[in-house]
Engineer: 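The following block contains the structure, expressed as structure tokens.
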Amino acid sequence: MAKGDPGVTTRGRRAAPRSKRAAAADGPELVQLLTPEGERIESATGPDGTEYRVDFTDEEYRGLYRDLVLVRKLDAEATALQRQGELGLWASLLGQEAAQVGSGRALRTQDMAFPTYREHGVLYCRGIDPIMPLGLFRGVDQGGWDPNEFKFNMYTIVIGAQTLHATGYAMGVTMDGRTGTEDGEAVIAYFGDGATSQGDVNEAFVWASVFNAPLVFFCQNNQYAISEPLERQTRVPLYQRAGGFGFPGVRVDGNDVLASYAVTRHALDNARLGQGPSLIEAYTYRMGAHTTSDDPTRYRIASEVEAWQAKDPIARMKAFLEKQQIADADFFASVDEQARTESVHLRERVLEMPNPEPVSMFDHVYPNGSPELDEQRAQFTKYMESFEGSAH
């Protein structure tokens with residue numbers, strides 16, 4: 001789905017006259033183009049004076065809503081599959097759909113993304129079959145997609161490690177001469193607020209800054225590093241950390257898909273033109289558990305969750321479409337039906353996944369094999385054969 005560029009004048013009938021510097025009513029100042037009530041803001045100004053705005057067609061607005069709904073429904077299906085014993089683990093994105101869809105749709109075809117293990121929405125926007133990460137969490141493969149084909153790296157479980165991978169890749173982009181023009185390549189690295197306390201992330205900041213890498217660091221601040229709240233991670237807003245490393249930072253309303261798109265597209269375009277790295281802090285909230293092995297009721301109160309439910313990214317986009325008469329009941333019903341159909345199909349495909357032979361774990365370790373690997377394979381095969389005919 002093609003998207004309009006930020007910086008282009010928004011259609012007047014879409015936006016209510018409001019302050020250019022928009023802030024959440026009960027939160028920190030941030031870039032916002034769509035209020036929790038679904039009111040459009042014509043433009044918003046970042047801390048460095050950058051003015052953000054979008055100009056989408058009605059079909060593109062409807063497309064963003066469809067993305068949000070489908071991504072949430074597929075994520076909910078994966079959570080249900082894990083609860084029923086069909087997946088070993090699942091990291092839900094519930095509540096973070098706008099940050100992921102907005103930034104994912106802001107990527108140009110040639111851009112490269114480095115995710116954590118929760119970027120199911122970005123994966124969807126990159127055109128990857130949503131069955132792919134479920135194979136990983138079911139334990140039947142290592143993910144399955146081709147990072148080069150989709151410009152989307154494999155999921156990274158080690159907290160913050162992907163920021164170093166992204167930095168090295170971005171440095172290579174510069175060395176290959178693929179920056180400095182509007183059709184150049186940019187790189188984006190996703191991570192959470194807790195990862196900002198990791199050495200890997202801070203090292204990536206240093207290298208990206210010193211080598212002027214075409215890299216956007218996209219931090220989804222969902223308020224909790226598992227059970228540790230944000231105040232245990234930092235004493236200043238996360239986006240302000242960028243200044244200490246010599247590059248700009250901006251905080252965006254991560255529950256606003258329009259602002260998430262505008263801020264990310266601007267940062268990526270700056271990177272591809274050779275203006276170096278930047279940090280985006282998408283201020284959002286993890287509505288569910290950190291993973292399906294977590295119990296969030298042990299460390300946060302119900303009233304906090306309820307307060308964030310009022311800022312739901314899908315509800316505000318639906319309110320906007322209704323107020324502007326861009327979509328009607330038939331459209332919303334068709335989207336819900338499409339989401340239901342796709343989630344059922346996803347479930348069916350997961351249940352049909354064949355269990356791999358244990359020895360197949362040796363198949364793709366090295367492209368041409370190795371004597372040591374062959375010996376390990378032989379020993380493992382002998383070990384497995386020792387169970388044949390037993391009750392094990």
Side-chain angles (χ1 to χ4, degrees), residues 1-8 31 46 48-56 60 99-115 119 121-128 145-154 156 162-191 201 203-219 239 242-243 245-250 252 258-282:
M1 176 173 58
K3 294 292 179 201
D5 291 338
V8 180
V31 174
D48 62 352
T50 300
E51 187 175 28
Y52 299 98
R53 61 178 70 225
V54 295
D55 182 26
F56 293 142
E60 287 172 337
Q100 294 197 16
V101 169
S103 63
R105 288 302 182 193
L107 290 163
R108 298 189 189 273
T109 304
Q110 68 271 25
D111 295 336
M112 184 69 182
F114 287 80
E119 273 68 60
V122 185
L123 176 143
Y124 182 86
C125 291
R126 294 309 269 172
I128 299 174
W145 63 87
D146 183 349
N148 292 317
E149 176 185 357
F150 294 100
K151 305 293 287 185
F152 186 84
N153 199 44
M154 303 302 295
T156 302
Q162 73 281 357
T163 59
L164 287 174
H165 307 157
T167 300
Y169 185 97
M171 290 168 61
V173 168
T174 300
M175 293 175 185
D176 288 343
R178 300 202 303 273
T179 61
T181 63
E182 292 185 356
D183 60 351
E185 182 176 355
V187 183
I188 188 168
Y190 290 90
F191 55 97
V201 174
E203 291 169 10
F205 286 172
V206 172
W207 281 77
S209 176
V210 171
F211 287 91
N212 203 46
L215 174 58
V216 175
F217 293 102
F218 193 94
C219 175
Y239 79 94
F245 294 91
F247 54 85
V250 60
V252 63
L258 304 184
S260 295
Y261 174 93
V263 170
T264 307
R265 174 56 68 90
H266 178 80
L268 287 168
D269 284 348
N270 280 346
R272 80 179 76 257
L273 289 172
Q275 298 181 28
S278 60
L279 170 63
I280 296 173
E281 177 192 356

Engineer: Please report the closest heavy-atom contact between A271 and A186, naming both atoms and the distance.
Structural biologist: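 Minimum heavy-atom contact is CB-CB, 4.1 Å.
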
Engineer: Calculate, to the nearest 0.5 Å, the distance between atoms CD1 and OG1 belonging to I280 and T264 respectively.
Structural biologist: 4.0 Å

Engineer: Going from OG on S278 to CD1 on I188, what distance comes out if it is rounded to the nearest 0.5 angstrom?
Structural biologist: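 Output value for this atom pair is 8.5 Å.
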
Engineer: Search all heavy atoms of A259 against all heavy atoms of V31 and return the closest pair with its distance.
Structural biologist: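 Nearest pair, atom of A259 first, then V31: CB-O, 3.7 Å.
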
Engineer: Looking only at non-hydrogen atoms, find the nearest pair between P214 and V173 and report the distance.
Structural biologist: CG-CG1, 4.1 Å

Engineer: So that I know where these two stand, are F247 and F205 an aromatic pair - ring centroids less than 6.0 Å apart?
Structural biologist: yes

Engineer: Determine whether a donor-acceptor pair (N or O, by modelled atom type, separation under 3.5 Å) exists between the side chain of S103 and the backbone of Q100.
Structural biologist: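 Yes, the answer is positive, given that a donor and an acceptor are paired below the 3.5 Å cut-off.
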
Engineer: Applying side chain to side chain contact (heavy atoms under 4.5 Å, CB included), run through T156 and F114 and close with a yes or a no.
Structural biologist: CA-CA 8 Å; T156 302; F114 287 80; over 6 Å; no

Engineer: Between CG of L107 and CZ of R126, what distance do you get to the nearest 0.5 Å?
Structural biologist: 4.5 Å

Engineer: How far does CG of D146 sit from CE of M154, to the nearest 0.5 angstrom?
Structural biologist: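 Result: 9.5 Å between the selected atoms.
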
Engineer: How many angstroms lie between atom CD of Q162 and atom OH of Y169, to the nearest 0.5 angstrom?
Structural biologist: 16.0 Å

Engineer: Compare all side-chain heavy atoms of L273 with those of E182 and state whether any distance is below 4.5 angstrom.
Structural biologist: yes

Engineer: Kindly indicate whether the side chain of V250, heavy atoms from C-beta on, has any atom under 4.5 Å from the side chain of Y52.
Structural biologist: yes

Engineer: Are Q110 and R178 side-chain neighbours, meaning at least one heavy-atom pair lies under 4.5 Å?
Structural biologist: no

Engineer: For a 4.5 angstrom cut-off between non-hydrogen side-chain atoms, does F211 reach T174?
Structural biologist: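 They are not in side-chain contact.
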
Engineer: Side-chain contact test, heavy atoms from C-beta onward, threshold under 4.5 Å: evaluate it for C219 versus L279 and give yes or no.
Structural biologist: yes

Engineer: Mind listing the closest non-hydrogen atom pair of N153 and W145 along with its distance?
Structural biologist: O-NE1, 3.4 Å

Engineer: Checking side chain to side chain contact (heavy atoms under 4.5 Å, CB included) against Q275, which of T179, N212, N270 comes through?
Structural biologist: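 Of the listed residues T179, N212, N270, the side chain to side chain contact (heavy atoms under 4.5 Å, CB included) partner of Q275 is N270.
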
Engineer: Side chains of H266 and D269: closer than 4.5 Å at any heavy-atom pair?
Structural biologist: no

Engineer: Please find the pair of heavy atoms, one from A189 and one from L215, that lie closest to each other, and give the distance.
Structural biologist: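 What the structure gives for the nearest pair is N-CD1, 4.0 Å.
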
Engineer: If you compare all heavy atoms of F150 against all heavy atoms of G127, which two are closest, and at what distance to 0.1 Å?
Structural biologist: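 Shortest heavy-atom contact: CE2-O, 3.5 Å.
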
Engineer: How about R265 and R108: do any of their side-chain heavy atoms sit closer than 4.5 Å?
Structural biologist: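 Contact flag for R265/R108 side chains = yes.
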
Engineer: Given the rule in the side chain to side chain contact (heavy atoms under 4.5 Å, CB included) test, do T167 and F217 qualify, once you have shown the distances and angles that lead to the verdict?
Structural biologist: CA-CA 10 Å; T167 300; F217 293 102; 4.0 Å; yes

Engineer: Suppose we screen for salt bridge (Lys or Arg N to Asp or Glu O under 4.0 Å). Which residues come up paired with E281, at least two apart in sequence or across chains?
Structural biologist: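 Per chain and number, E281 pairs via salt bridge (Lys or Arg N to Asp or Glu O under 4.0 Å) with R251.
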
Engineer: For D183, what residues pass the salt bridge (Lys or Arg N to Asp or Glu O under 4.0 Å) criterion, not counting sequence neighbours?
Structural biologist: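 For D183, no residue satisfies salt bridge (Lys or Arg N to Asp or Glu O under 4.0 Å) once neighbours in sequence are set aside.
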
Engineer: Nearest 0.5 Å, what's the CD-CD1 distance between E149 and I128?
Structural biologist: 8.5 Å

Engineer: Salt bridge check, E60 against R105: does any charged N sit closer than 4.0 Å to a carboxylate O?
Structural biologist: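 A salt bridge is absent here (no side-chain N lies under 4.0 Å from a carboxylate O).
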
